[in-house]
Amino acid sequence: MKYNHSIVIDRPRGKVLELMTETEHLPKWQRGLAKVETLEGEPFTLSAKTRLVFDTGKKSLEMTETLVDMRLPDAYTAIYETEELWNRVTNMFSEVDGKTLWTTENEFVFSGMMRYLGPRMKKSFIKRTEYEMARFKEFVETHDQPEPLESDLQPASQETLEPHEAFEPHEAFKSHEPLDTTQHE
């Protein structure tokens, strides 16, 4: 299964890459990321291996990230592996007028039960990619903002606030179309 997605981030490429490559920031924008452990090499260097542990609420998901191509500031490619999933992601970055276009090329190969389930879940994988990219965009664009005051975090009424199911993109980027989300063989 293959697909691409892109998003425009209203910050220069250098700032985007700085925040993306600092592992202490990963849990701030990757939903459910509970642990980041360097296994081999230095983070964000060629051949570096990192163990990522995600808490999905019902169970934890562990995967290994291996950086297989490093051409920063233009691109890098990582392989993510679990028992039933192999995923190659190429991240590409270009800057225009102080904004960064981040494009991902995603390829999945499934084994075990995921061989049957994975292709049926393509829309879920695409939505997850879009969601995580939007979370990173929001993180980068608000990173240099001052921390909110405690009073700003309190609801105006006594009603319970429900968390958002999905991130809604800023008005200026709602018309931005993703690149190619069709399956390539």
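Linking ILVMFWY side-chain heavy atoms closer than 4.5 Å, directly or via other members, places L61 and L39 in two distinct hydrophobic clusters. Cluster membership for L26 and V53, using ILVMFWY side-chain heavy atoms within less than 4.5 angstrom, is not shared. L17 and M92 sit in two unconnected hydrophobic clusters of ILVMFWY residues. Membership requires side-chain heavy atoms under 4.5 Å apart, directly or through other members.
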Carefully, step by step, assess R135 and E138 under the rule salt bridge (Lys or Arg N to Asp or Glu O under 4.0 Å). CA-CA 5 Å; R135 281 178 56 98; E138 181 181 38; over 6 Å; no
With side-chain contact (heavy atoms from CB on, under 4.5 Å) as the criterion, how do I7 and F136 come out once you've worked through the C-alpha distance, each side chain's angles and the decisive distance to 0.1 Å? CA-CA 10 Å; I7 194 166; F136 180 71; over 6 Å; no
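Taking the salt bridge (charged side-chain N to carboxylate O under 4.0 Å, His left out) definition, one finds that E81 meets it with nothing, sequence neighbours left out. Partners of D69 by side-chain contact (heavy atoms from CB on, under 4.5 Å), not counting sequence neighbours, listed by chain and number: R71, T77. Take E22 and apply the side chain to side chain donor-acceptor pair (under 3.5 Å) test, not counting sequence neighbours, and it matches H25. E105 meets the side chain to side chain donor-acceptor pair (under 3.5 Å) test with no other residue; sequence neighbours excluded. D74 meets the side chain to side chain donor-acceptor pair (under 3.5 Å) test with R13; sequence neighbours excluded. Residues passing the salt bridge (charged side-chain N to carboxylate O under 4.0 Å, His left out) test with K127, sequence neighbours excluded: none. Listed by chain and residue number, T66 satisfy the side chain to side chain donor-acceptor pair (under 3.5 Å) test with K49 (two or more places apart in sequence, or in another chain). Listed by chain and number, the residues in a side-chain contact (heavy atoms from CB on, under 4.5 Å) with T104 are H5, V89, N91, W102, N106, T129, M133 (sequence neighbours excluded).
Every pair passing side chain to side chain donor-acceptor pair (under 3.5 Å) that includes a residue from residues 32-46 is listed here, sequence neighbours excluded: E37-R51. The stretch residues 30-56 participates, sequence neighbours left out, in these ring pair (Phe, Tyr, Trp, His ring centres under 6.0 Å) pairs: F44-Y76. For residues 85-98, the salt bridge (charged side-chain N to carboxylate O under 4.0 Å, His left out) pairs, not counting sequence neighbours, are R88-E107.
Considering only heavy atoms from C-beta on, L19 stays 4.5 Å or farther from W29 through its side chain. The shortest distance between side-chain heavy atoms of R31 and R128 falls below 4.5 Å. At least one side-chain heavy atom of T21 sits under 4.5 Å from a side-chain heavy atom of L72.
In this structure, the side chain of K2 does not engage the main chain of F108 through any donor-acceptor pair within 3.5 Å. Here the side chain of E65 pairs no donor or acceptor atom with the backbone of Y80 at under 3.5 angstrom.
For the pair R11 and E141, the tightest heavy-atom approach, listed with the atom from each and the gap, is NH2-O, 2.7 Å. When all heavy atoms of T100 and P12 are compared, the closest pair comes out as OG1-C, 3.2 Å.
In this structure, L33 CG and E132 CD are separated by 9.0 Å, a value rounded to the nearest 0.5 Å. Atom CG of residue L67 and atom OG of residue S47 lie 8.5 Å apart, to the nearest 0.5 angstrom. The NZ atom of K99 lies 4.5 Å from the CG atom of D10; values are rounded to the nearest 0.5 Å. In this structure, the separation between CD on E83 and CD on E62 is 9.0 Å, given to the nearest 0.5 Å.
In the hydrophobic clustering (ILVMFWY side chains linked at under 4.5 Å, chained through shared members), V109 is joined by V68, I79, W86.
Aromatic ring centres of F125 and F110: separated by under 6.0 Å.
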